[in-house]
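Structure record follows, encoded as structure tokens.
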Amino acid sequence: MNPIQTYLKENEEQFMDELFSLIRIPSVSSNPEHKDDMLACAQQWKDLLLKAGADEAMVMPSAGNPIVFAQKTVNPDAKTVLVYAHYDVMPAEPLELWKSEPFEPEIRDGKIWARGADDDKGQSFIQVKAFEYLVKHNLLTHNVKFIFEGEEEIGSPSLEEFCINHKELLKADIILVSDTSMLGAELPSLTTGLRGLAYWEIEVTGPNRDLHSGHFGGAVANPINTLCGMLAKVIDENGKITIPHFYDDVEEVPQAEREMIAQIPFNEEKYKEAIGVEELSGEAGYSTLERNSCRPSFDICGIWGGYTGEGSKTVLPSKAYAKVSCRLVPHQEHHKISQLFKEYIEKSAPKSVKVKVTPMHGGQGYVCPITLPAYQAAEKGFEIAFGKKPLAVRRGGSIPIISTFEQVLGIKTILMGFGLESNAIHSPNENLPLDIFRKGVEAVIEFHKAYK
Ligand SMILES: [Zn+2]
């Protein structure tokens with residue numbers, strides 16, 4: 001065991017106590033009922049950062065949930081690493097599918113089970129414990145700042161303004177984020193690209209009230225039927241999105257990169273088995289890994305209306321609703337896509353209904369060059385902790401703020417995430433293997449040691 005591993009083993013009980021008390025605060029940003037929990041969670045992070053060795057830490061107001069900021073200056077002339085994380089979590093529902101309480105963490109089978117165990121309380125905790133080790137052992141040669149926000153899971157609506165207002169405070173040479181996943185526990189990887197996002201809510205209105213489907217059915221347009229019909233046309237039989245001009249700015253994946261993607265070990269059978277589907281589907285001409293990382297996608301996230309209670313009710317509803325989203329790739333501008341979709345759906349609606357499309361949150365995609373010194377330091381960190389050089393991969397998810405950091409602060413981000421597909425983030429039974437926690441801390445410590 002090396003000194004870092006020994007240190008982690010000796011302090012594990014205390015570290016778990018600290019992490020568990022963070023997890024016990026249900027900081028669900030999408031539900032206003034949790035307003036007080038957001039502040040409580042921010043304050044707890046502030047205390048932990050001070051305890052870890054920050055010179056100063058504070059809970060700062062923003063237009064929305066408070067933001068935690070902390071810093072340690074070891075040498076004003078040295079470089080500065082800014083660690084970004086989020087303390088808010090996704091709702092835990094559906095609760096009945098959890099094997100243990102989502103906000104009462106439990107260790108089973110060598111894993112921590114709870115909402116936020118990985119995303120992002122567990123992963124942020126990795127960053128803070130690595131920092132603590134470096135401070136304690138006098139190994140920090142550059143400055144470190146932390147910014148933890150409480151609105152990542154709802155699209156970070158207040159962070160851009162906060163960045164604009166605090167450019168000097170957030171000044172740094174590189175941003176470090178642990179909020180992404182690796183290809184596997186035995187297959188470490190660094191994320192070099194992220195997809196963007198556009199999100200809408202659609203409201204379709206038919207008759208001025210719910211009607212008797214026997215008296216009116218067949219003669220009056222049913223808003224749910226109409227909505228389903230319109231949405232079904234957004235993707236054609238080849239898996240292409242039919243919104244006019246949607247692909248205009250999409251950069252075709254260079255052949256060299258496609259070859260690299262093809263080298264990523266990927267077992268399609270296991271992938272299907274893990275999610276319980278017989279067959280995969282998507283855009284013709286692209287592999288599964290290309291489809292979910294370098295190509296845009298469209299999904300209906302929720303659809304509702306009419307009668308959904310017990311038994312049956314013969315009704316022709318007045319309203320139908322859907323929430324839909326597109327994952328975008330670098331160079332697609334989310335405001336532009338948002339507008340294109342709105343126009344397309346509103347124009348394609350038949351006169352028999354009224355359609356309103358409301359754009360919700362969105363964000364740009366991101367690419368990190370693998371030639372950056374900080375990227376190479378992260379690569380080294382992984383290599384030491386996991387015993388393998390990590391693969392550079394693009395991921396299908398979105399962290400809209402990463403591109404905002406680039407646009408507002410002019411700083412590139414290193415996505416040094418330690419999640420696993422099986423950690424089930426955003427789903428019931430979210431978890432984080434303890435082994436990954438330990439290796440993660442070691443990798444981040446080695447990153448700081450290697451970053452010059
Ligand atoms: Zn996250």
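One-based numbering, in listed order, for ligands and for the atoms of each.
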- N/O/S of Asp119 less than 2.8 Å from the Zn ion (ligand 1)? yes

- Name the orientation class of the two ring planes belonging to Phe148 and Trp45 (parallel below 30°, tilted from 30 to 60°, perpendicular beyond 60°). perpendicular

- Aromatic Tyr286 / basic Arg291 pairing, under 6.0 angstrom, 45° off normal: no

- Looking at Asp179, pick out the N, O or S atom nearest to the Zn ion (ligand 1) and give its name. OD1

- Kindly indicate whether a cation-pi arrangement holds for Lys240 with Tyr247, taking the cut-offs as under 6.0 Å to the six-membered ring centre and within 45° of the axis. yes

- Message: Strictly below 4.0 Å, N to O, side chains only: are Lys323 and Glu201 in salt-bridge contact?
- Response: yes

- Query: From the Zn ion (ligand 1) out to just under 2.8 Å, does an N/O/S atom of Glu152 turn up?
  - Reply: no

